[in-house]
There are 2 protein chains.
Amino acid sequence: MTLAETAYDALRRDIVRGVLAPGKPLRMAQLSERYGMGFSPLREALNRLQAERLVTSIALRGFSVAPLSMAEMWDTINTRVLIEQRALRLSIELGDDDWEAGIVSALHGLMLQSARAVEANADEQKLLEDRHRGFHLALIAGCGSSWLLEFFQRLYVEAERYRYPMLQQRNVEHHRDIQAEHAALSQATLARDADLACDLLAEHYLRTARFIEAQMAAAPQAQTA
Amino acid sequence: MTLAETAYDALRRDIVRGVLAPGKPLRMAQLSERYGMGFSPLREALNRLQAERLVTSIALRGFSVAPLSMAEMWDTINTRVLIEQRALRLSIELGDDDWEAGIVSALHGLMLQSARAVEANADEQKLLEDRHRGFHLALIAGCGSSWLLEFFQRLYVEAERYRYPMLQQRNVEHHRDIQAEHAALSQATLARDADLACDLLAEHYLRTARFIEAQMAAAPQAQTA
DNA sequence: GCAAGTCATATTTTCGAAAATAATGAAATT
DNA sequence: AATTTCATTATTTTCGAAAATATGACTTGC
């Protein structure tokens, strides 16, 4: 892997996890020391991240971590529902045996990890997050549209920034609820019931959004610092 | 404007217009001479373009112009219809006086330019293209969603790559048809008839796509070279 | 004849310094 | 006291060369 790719991954992770707080200016000298490399690979990573809206920049005044806001969170969730409902319908219509197998496998992996993650360390957290994305990706992987899949990835990362504080929670009941939703969603999808699956998907995301909004209202400084 | 921004604009224009053919490898030394600058600003531009899918890259093997295909054109058009129909419905629901004024103004400018562009030089072509994007943007500018607006921009640029050969045509009848569609679309939107406006929008894009497909079948080497 | 290894060349990637620009603060002016 | 000017410092942006890696031709052994 090149240094630029290393920088991209590291910056992305640190931004999503809030280690680099929203709005924080990213100075080249500082980043160079933090990640142990010269300016070139860092600029390269920052430019990619800017195109993905995780970073903002003004010419000759440098980069900073993109800010967060409740309005943007709702926009992200609503757009996500639009994109994923369409992709899910297409997958249900077009999906083949491999697509079905992918869902079963992803759900299985997610359940295993989810059971373990309540008492988790950082590595297990990351694995759970990967499996979670893997599951939602598996649902729509049969849609046949590279644009829908790309927009899914973009919106997933953005949503992850808002979801991160929630992931830190070790609430057993909450984990169990989410697992049940995943199972129901997977079941409706495999039964090729598009209307039901789309409803469950929307409800799944809206529930999360409402939860985050409530949490944010209680402790707004956590993320929008 | 920084050199990196200059490079970004120039590369983008040359890719969209097919001056740099799809699939063509982009060698740093070559680009450096062509655009009269060092590697740094070029890499910066290429990274942004890669994130926007106008350019592909493989680590240590450099960049190349992203390829075109009929399958991808249809994916682009279909996704565009999804995004813009949603954005149009939201605009019709939420749009204020400024939004309405923007549509009237954009349509007016487009008509003026369109009448002139049949006998056009390169500058008028570019102005027409800007006005065309301006009009479609004006229709959905009231939607209140930065994600929908960003995806609109992304898909517009991609579609422009396919549409470019068509733009070269000096067919008066064809221009008149397109103008009529724009007028009808604008009218339905301002009348707040969401269902009709969405139908007209979809038909507008599908007609273009079918036209391009027919043209491509007749002379496939023009773009997919 | 053909695969695997080896060297020379072409190309990308990275660094470190120089150039260009912005931010800061002190002195001068109104 | 407030504003402007100007130098100083901090920071980004760009360049040119060095390092790292890929490519392709050529040889060698089978």
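Keep in mind the model is a prediction, meaning the values are calculated, not measured. Naming convention: chains lettered A, B, ... in sequence-line order (proteins, then strands); numbering from 1 in each chain.
Put simply, CG on L46(A) is 14 Å from C1' on dT11(D), counting in whole angstrom units. Between the CG atom of L60(B) and the C1' atom of dA10(C) there is a distance of 14 Å, rounded to whole Å. R48(B) has its CZ atom 12 Å from the P atom of dT13(D), to the nearest Å. What separates CZ of F39(B) from P of dT12(C) is a distance of 7 Å, to the nearest Å. As a whole-Å value, the separation of I58(A) CD1 from dT21(C) C1' is 14 Å. Atom P of nucleotide dG16(D) and atom CE of M37(B) are separated by 13 Å, given to the nearest angstrom. As rounded to whole Å, 15 Å separates atom P of dC15(C) from atom OH of Y35(A). Between the CG atom of L3(A) and the C1' atom of dC15(C) there is a distance of 10 Å, given to the nearest Å.
Contact check, R43(A) against dT13(D): a side-chain N or O comes under 4.0 Å of OP1 or OP2. At dT13(D), none of the side-chain N or O atoms of R61(A) fall inside 4.0 Å of OP1 or OP2 (strictly under the cut-off).
Among the atoms of the strands shown, none is found under 4.0 Å from any heavy atom of L42(A). At a threshold of 4.0 angstrom between heavy atoms, the contacts of L26(B) are confined to the sugar-phosphate backbone, with no base atom among them.
The residue among T2(A) and A59(A) whose nearest nucleotide of DNA chain C is located toward the 5' end is T2(A). Along DNA chain C, the nucleotide nearest S40(B) and the nucleotide nearest M28(B) are compared for position; the residue whose nucleotide lies closer to the 5' end is M28(B).
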| said: Run R154(B) and E52(B) through salt bridge (charged side-chain N to carboxylate O under 4.0 Å, His left out) and show every step you take. | reply: CA-CA 7 Å; R154(B) 286 279 308 276; E52(B) 293 173 17; 5.7 Å; no
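Cation-pi geometry between R53(B) and W147(A) is satisfied (NZ or CZ under 6.0 Å from the ring centre, within 45° of the ring normal). Geometrically, R17(A) does not engage Y164(A) in a cation-pi contact, judged by NZ or CZ lying under 6.0 Å from the ring centre and within 45° of the ring axis.
In summary, the aromatic rings of F135(A) and H108(A) are positioned with their centroids too far apart to meet the 6.0 Å limit.
In this structure, D96(A) places its CG atom where more than 12 heavy-atom neighbours from other residues, nucleotides or ligands lie under 6.0 Å away.
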